[in-house]
Amino acid sequence: MIVCFGSINIDLVFALPSLPRPGETVLGAGYRSVPGGKGANQAVAAARDGAEVAMVGRVGRDMFGDMMRGSLREAGVDVSGVLDSDAPTGCACVCVDGEGRNLIAVAGGANLSARSANIPEALLGPQTTLLLQMEVPVAEVQAAARRAKAKGTRVILNLGPALKLPLETFSDVDVLIANEIEAATLISAAPSALAPRLAEALKTTVIVTLGEKGARLAGPQGRWEIGALPIKPIDTTAAGDQFTGALAASLDRGVTLPDALRRASVAAGLACLIPGAQPSLQTTAAIEARLKDLAPAQSV
């Protein structure tokens with residue numbers, strides 16, 4: 001099973017003709033409120049891809065908290081680990097332009113009271129994958145990874161948003177997933193060299209996602225690269241979360257890393273075709289129907 005310890009947000013999504021620059025006001029026609037948060041998104045993505053998933057995090061005692069619990073539950077995620085907080089439910093302002101590019105501001109709210117100690121001991125072990133991100137306190141991410149690793153749990157960390165972590169933290173991580181910007185906060189290298197340089201420095205498996213160029217993997221299993229679906233994106237907001245959730249679900253059910261890389265890339269591409277975060281996350285059937293449209297990962 002997958003235990004996801006992370007953020008739970010409500011997203012306020014604004015469709016704009018262009019992304020605002022500093023000091024600029026851009027007018028749009030309207031906005032939508034949709035479930036989001038990197039932790040919740042990845043939990044839902046993994047659940048829709050057939051994994052058994054438990055979410056551990058915090059929401060406020062407000063209507064957004066009720067909405068988020070309902071969204072997770074509807075996706076089949078166990079929400080018994082989603083606890084109340086005196087702070088309001090986390091909120092993200094997501095601006096999306098006509099080309100699908102986004103600009104996101106996040107208020108942590110209840111997420112800042114998430115604690116690794118709330119992960120039930122019984123859920124950690126060799127049969128479990130712990131999925132982590134960086135929208136809850138860094139110290140709690142570190143503590144969760146340390147606890148899980150000591151119990152033989154597979155630990156997957158999505159380094160988003162890009163925050164500094166002590167290098168010793170990565171000794172508790174089995175798979176690190178980062179985009180180019182996030183990876184570059186850890187090491188200076190050309191985009192093509194980020195994954196192998198990081199894998200060598202951190203002694204773990206590293207996947208660097210490259211948007212429309214696919215992704216690169218480096219680690220004990222060798223070096224692999226995967227392309228991306230040829231699509232015209234509508235909204236890229238949850239593409240990274242879809243990639244991570246699908247990859248975690250694939251590994252959790254025993255799929256090899258190269259095959260998991262392919263499924264994750266297909267899923268991420270499909271997520272770009274639907275507006276909103278959680279509404280864009282794909283089912284197993286949808287992902288598998290498009291696998292034929294992307295060549296398998298190649299060893300490099």
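By convention here, the first residue in the shown sequence is residue 1.
Closest approach of Q133 and G6 over heavy atoms only: OE1-CA, 3.3 Å. Heavy atoms only, all atoms of each residue included: I119 and A144 are closest at CD1-CB, 3.9 Å. Of all heavy-atom pairs spanning P20 and L103, the tightest one is O-CD1, 3.7 Å. A264 approaches F243 most closely through the heavy-atom pair CB-O, 3.4 Å. Taking each heavy atom of P35 and I10 in turn, the nearest pair found is N-CD1, 4.2 Å. Among all heavy-atom pairs drawn from L261 and A215, the shortest one is CD1-CB, 4.4 Å.
Inter-residue side-chain proximity for V26 and L19 is flagged as unmet; no heavy-atom pair is nearer than 4.5 Å. Side-chain contact between L12 and C91 is present, with heavy atoms from C-beta onward closer than 4.5 Å. At least one side-chain heavy atom of L157 sits less than 4.5 Å from a side-chain heavy atom of V173. Between V175 and I177, the closest side-chain pair of non-hydrogen atoms falls below 4.5 Å. Two residues are said to be in side-chain contact when any heavy atoms from C-beta on lie closer than 4.5 Å; Q221 and T205 meet this criterion. When side chains are defined from C-beta on, L83 does not count as touching V59, because their heavy atoms never get closer than 4.5 Å. Counting heavy atoms from C-beta on, the side chains of R216 and S192 come closer than 4.5 Å. D293 places none of its side-chain heavy atoms less than 4.5 Å from the side chain of V266.
The main-chain N or O of S80 is found under 3.5 Å from a side-chain atom of D78 such that the two form a donor-acceptor pair. The main-chain N or O of M63 is never found under 3.5 Å from a side-chain atom of D66 such that the two would form a donor-acceptor pair. Side-chain atoms of S85 come within 3.5 Å of backbone atoms of A87 as a donor-acceptor pair (strictly under, hydrogens ignored). S265 places no side-chain N or O within 3.5 Å of a backbone atom of R262 that could act as its donor or acceptor partner. Checked by atom type and distance alone, the side chain of R290 never pairs as donor or acceptor with a backbone atom of L270 at under 3.5 Å. Judged purely by atom type and a 3.5 angstrom limit, D11 has no side-chain atom pairing as donor or acceptor with the backbone of S33. The closest donor-acceptor contact from the side chain of E288 to the backbone of A286 lies at 3.5 Å or more, if one exists at all. Checked by atom type and distance alone, the side chain of R48 never pairs as donor or acceptor with a backbone atom of T284 at under 3.5 Å. Without hydrogens or angle criteria, E140 side chain to P137 main chain gives no donor-acceptor distance under 3.5 Å.
Applying the ring-ring contact (aromatic ring centres under 6.0 Å, His included) criterion to F170, with sequence neighbours excluded, gives no partner residue.
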Discussion item. Let's go through V94 and T237 carefully: what are the C-alpha distance in whole Å and the side-chain angles of both, what is the deciding distance for side chain to side chain contact (heavy atoms under 4.5 Å, CB included) to 0.1 Å, and is it a yes or a no?
Written reply: CA-CA 8 Å; V94 183; T237 301; 3.5 Å; yes
Worksheet item: Going through the checks in order, is the side chain to side chain contact (heavy atoms under 4.5 Å, CB included) test met by L132 and N158?
Response: CA-CA 6 Å; L132 302 168; N158 174 213; over 6 Å; no
Discussion item. Is there a side chain to side chain contact (heavy atoms under 4.5 Å, CB included) between I156 and L251? Walk through the geometry before answering.
Written reply: CA-CA 10 Å; I156 299 177; L251 296 179; 4.2 Å; yes
Worksheet entry | Full working for side chain to side chain contact (heavy atoms under 4.5 Å, CB included) between V155 and D172 | CA-CA 7 Å; V155 178; D172 296 322; 5.6 Å; no
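When the shell of 6.0 Å around CD of E74 is examined, it contains 12 or fewer heavy atoms from other residues, nucleotides or ligands. No more than 12 heavy-atom neighbours from other residues, nucleotides or ligands sit within 6.0 angstrom of CD on E52. Counting heavy atoms of neighbouring residues, nucleotides and ligands inside a 6.0 Å radius, atom CE of M1 exceeds 12 of them. Other residues, nucleotides and ligands contribute over 12 non-hydrogen atoms within 6.0 Å of the NZ atom of K292. Counting non-hydrogen atoms of neighbouring residues, nucleotides and ligands closer than 6.0 angstrom, the CZ atom of R61 exceeds 12 such neighbours. Other residues, nucleotides and ligands place more than 12 heavy atoms under 6.0 Å from the CG atom of L163.
With hydrogens and angles left out, the side-chain atoms of N9 and S7 include no donor and acceptor closer than 3.5 Å. At a cut-off of 3.5 Å, with distance as the only test, no side-chain donor of T128 or T153 sits close to an acceptor on the other residue. Using modelled atom types, one finds a donor on one side chain and an acceptor on the other under 3.5 Å when comparing R263 with S250. One side chain, T236 or N102, offers a donor N or O that lies under 3.5 Å from an acceptor on the other. In this structure, a donor-acceptor pair under 3.5 Å is absent between the side chains of D49 and Q282. Using a 3.5 Å distance cut-off with no hydrogens or angles, the side chains of Q242 and S280 do not pair a donor with an acceptor.
Sequence neighbours left out, not one pair with a member in residues 259-299 passes ring-ring contact (aromatic ring centres under 6.0 Å, His included).
Between D174 and K149 a salt bridge is recorded (basic side-chain N to carboxylate O distance below 4.0 Å). Using a cut-off of 4.0 Å between Lys/Arg side-chain N and Asp/Glu carboxylate O, E99 and K232 are scored as not salt-bridged. For R69 and D84, the salt-bridge test passes: some basic side-chain N is under 4.0 Å from an acidic carboxylate O. E135 has no carboxylate O lying under 4.0 Å from a charged side-chain N of K38, or vice versa, which leaves the two without a salt bridge.
Residue I234 is not grouped with residue I104 when hydrophobic side chains (ILVMFWY) are merged at heavy-atom distances under 4.5 angstrom, including chains of intermediate members. Following chains of ILVMFWY side-chain contacts shorter than 4.5 Å, one cannot reach L124 starting from L131, and the two form parts of different hydrophobic clusters. Under a hydrophobic-cluster definition in which Ile, Leu, Val, Met, Phe, Trp and Tyr are linked whenever side-chain heavy atoms come within less than 4.5 Å, directly or via other members, V3 and V53 are assigned to different clusters. Note on I187: it clusters hydrophobically with L165, by side-chain heavy-atom contacts below 4.5 Å among ILVMFWY residues. V141 and I8 end up in different hydrophobic clusters when Ile, Leu, Val, Met, Phe, Trp and Tyr side chains are linked at under 4.5 Å.
How far CD1 of I2 is from OG1 of T129: 5.5 Å, rounded to the nearest 0.5 Å. Interatomic distance, CD1 of I181 versus CG of L194, reported as 11.0 Å (0.5 Å rounding). Atom CG in L176 sits 6.5 Å away from atom CG in L186 (nearest 0.5 Å). Note that OG1 of T209 is 12.0 Å distant from CG of L217, once rounded to the nearest 0.5 Å. The line from CZ of R146 to CD of E168 is 9.5 Å long, rounded to the nearest 0.5 Å. Taken from CE in M68 to CE in M55, the straight-line distance is 8.5 Å, to the nearest 0.5 Å.
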